[in-house]
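Have a look at the structure below, then the notes.
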Amino acid sequence: PFGLEYSVGMAGVQPAAAQALQPESEVRAPSWLDKQLLRELPNEWRKAYLFFACAVMLILLTASMINPPTISTFTDSVGLDKQPTAQAYLPLVLLPVLFLYNFLWTALKSPALLVATLSFIYATVYFLIAIRSLSENRIEPWLAWILFYASNTKSVLFPVMLWSVMNDVSTSQYSKVAYPALVLAQQIGGIAGSLWTTNVSHVGGTTGLLFAQAVLLVLLAFCVWRACALAASAPVERDAEAAAGTSLQPVAGAAGEPLVASAGSALGQTGQNRCLTGCKAVGSKMWELVEGIYLIFTKPFVAGIFWVACAHLVPRTILDYQGTALINERWPKIVDGVKIPGNKDKQTAFFAWCNLANTFGAALLSVLGLRKLIDRGGLALTLSACPLVMLIGVLLVCFFHNFWTVQIVLVLVNIVQYALNGPSREMLYVQTSKEIKYKAKSWSDMYGNFLQKFVGAMINNNVNKELPSCTPHCFNATFSGLFTVGWCAFWGVVAAVLGLKHAQLVRDGQKIS
């Protein structure tokens, strides 16, 4: 029945209502539908995770909606040959965005306000680009550059923000119960966004997608605000460390006193002491902006997460460039100096169909396989799946380089990444301290993302770049294949070690701090 609830404990998941009426041996195990509807959790937490599910759904929906027109607009207005260069500059562009994120996190001290602030900033950018495009037949090159960097930074920034909040409010057992359903909700959003974009010519073209993006980002801010409010008032089993503070409040840093208190305590001191105190307070706040880097380099477990979180992006960037080049060859926008009308929308629609296949496959795998694989093999198994599939996929492309091989391989590796590697990586963070969840994760997932893309872009720019001298295809299969073998081998070892370490932390009831 829909009203049935379950109590969650470290020993397992049991129906709470049945426990009071039946002997332990007769308690009914939760069904598949019970698991998807999170009936194993208290009612308050089900409501909180419902809004979190809406939020993750909107994140992938907006990403699936905006990424295809971003790519097609950039190649149309700027050129395919500039794409590796644009990707190479991504780490540089991300740096001020990451500093802004950490500054807002420290200053606002509220996840809901943080998400709302950044959502309104990006919504404004998309809205202004949409307004400008109304007066032009095509988006101007300088706007295409802005759109490219806005979409790429958003696609990394927003998932990190939301998963940081959910990792903080969840226990290890709650994450095991709720995350497969959240992944399913995320993929449903991706399916909806992809279907929307496949009909790009019927929804106002790129301009219509930009307007929709702005509106959905405002809705995303509301969902996160509501989820945080429900989670803050819901009862939860927490360890002594987490119970010491409010779960949704970020840790201010090593200096336990807030800036205002430090300034107030210095009122009776001399001008020199007040200056010294103020400088120390400012230095403490500046340290909070970069403390995550220190945590990554000093904690091997966190350094391992840094690696597995983004290692897939180097070989995938290589594959993405090949996929884009082959799509551009299949539907060229200009032939012999003559522009082919409609081919830009065809490219956008095909990118959207690929995203639809990614999200649909990831949804099936997350529903049917994620929790079973974790129960049977732990995170060591689910984290090791992605490097194995990536290695096989790249080798297939090296030996059989053609349009459909590249597109099918991209879909398969994305399915495994979204359904297995992504949620497994987030579960690793559950067994870490609050500082690591917010500060180290932001640097690891966001800047690590673009550092790995930078490596892939450099390979494309120097080895695989599409040039007239090597047409029809410039893919260097020998270098790409050998590089991927070494890369995936190291990645697989790190993933297995992390999974085993996580299992030990759960057994011992410990956290990395």
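Note that the numbering runs from 1 along the sequence shown for the chain.
Residues F158 and Y122 bring their aromatic ring centres within 6.0 Å.
With values rounded to the nearest 0.5 angstrom, T298 atom OG1 is found 11.5 Å from I293 atom CD1. From C354, atom SG reaches atom CG of L410 across 7.5 Å, with rounding to the nearest 0.5 Å. Remark: M161 CE to S119 OG distance equals 5.5 Å, nearest 0.5 Å. Residue S164 holds its OG atom at 12.0 Å from CD1 of I436, rounded to the nearest 0.5 Å. Taking CD1 of I327 as the reference point, atom CD of Q407 lies at 4.5 Å (rounded to 0.5 Å). A distance of 5.5 Å separates CG in L383 from CG in L428, rounded to the nearest 0.5 Å.
The closest side-chain donor-acceptor pair between N402 and T405 falls under 3.5 angstrom. No donor-acceptor contact under 3.5 angstrom links the side chains of T432 and K299, judged on distance only. When only modelled atom types and interatomic distance are considered, Q322 and H401 share a side-chain donor-acceptor pair under 3.5 Å.
The aromatic rings of F350 and F403 sit tilted relative to each other, their planes meeting at an angle between 30° and 60°. Between F51 and F222, the ring-plane angle classifies as perpendicular under the 30° and 60° cut-offs. Ring pair W45/Y49 is tilted by interplanar angle, where 30° to 60° counts as tilted.
A distance-only check finds no donor-acceptor pair linking the side chain of Q213 to the backbone of M65 [under 3.5 Å]. Between the side chain of S151 and the main chain of F148, no donor-acceptor pair closer than 3.5 Å is present. The main-chain N or O of A86 is found under 3.5 Å from a side-chain atom of Y149 such that the two form a donor-acceptor pair. Panel note: side chain S233, backbone L230; a donor-acceptor pair is recorded below 3.5 Å. Distance alone, capped at 3.5 Å, places no donor-acceptor pair between the W487 side chain and the H312 backbone. A donor-acceptor pair under 3.5 Å is formed between the side chain of N67 and the backbone N or O of A63. A side-chain donor-acceptor contact under 3.5 Å links T153 to the backbone of A150.
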Practice item. Let me see the working for V416 and M390 under side chain to side chain contact (heavy atoms under 4.5 Å, CB included), right down to the final yes or no. Key: CA-CA 9 Å; V416 176; M390 184 69 76; over 6 Å; no

**Study point:** Chi angles and distances behind the side chain to side chain contact (heavy atoms under 4.5 Å, CB included) call for Q431, I512
**Key:** CA-CA 6 Å; Q431 297 304 123; I512 302 294; 5.9 Å; no

Practice item. Please test S433 against S513 for side chain to side chain donor-acceptor pair (under 3.5 Å), starting from the C-alpha separation and ending with a verdict. Key: CA-CA 5 Å; S433 67; S513 59; 5.5 Å; no

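Proximity of P315 to F483: side-chain heavy atoms (C-beta onward) are nowhere separated by under 4.5 Å. Two residues are said to be in side-chain contact when any heavy atoms from C-beta on lie closer than 4.5 Å; N358 and Q417 fail this criterion. With contacts defined as side-chain heavy-atom distances shorter than 4.5 Å, the pair F475/I318 qualifies. Looking at S480 and N464, their side chains come closer than 4.5 Å, going by heavy atoms from C-beta outward.
Residue-environment remark: CH2 (W307) exceeds the threshold of 12 foreign heavy atoms within 6.0 Å.
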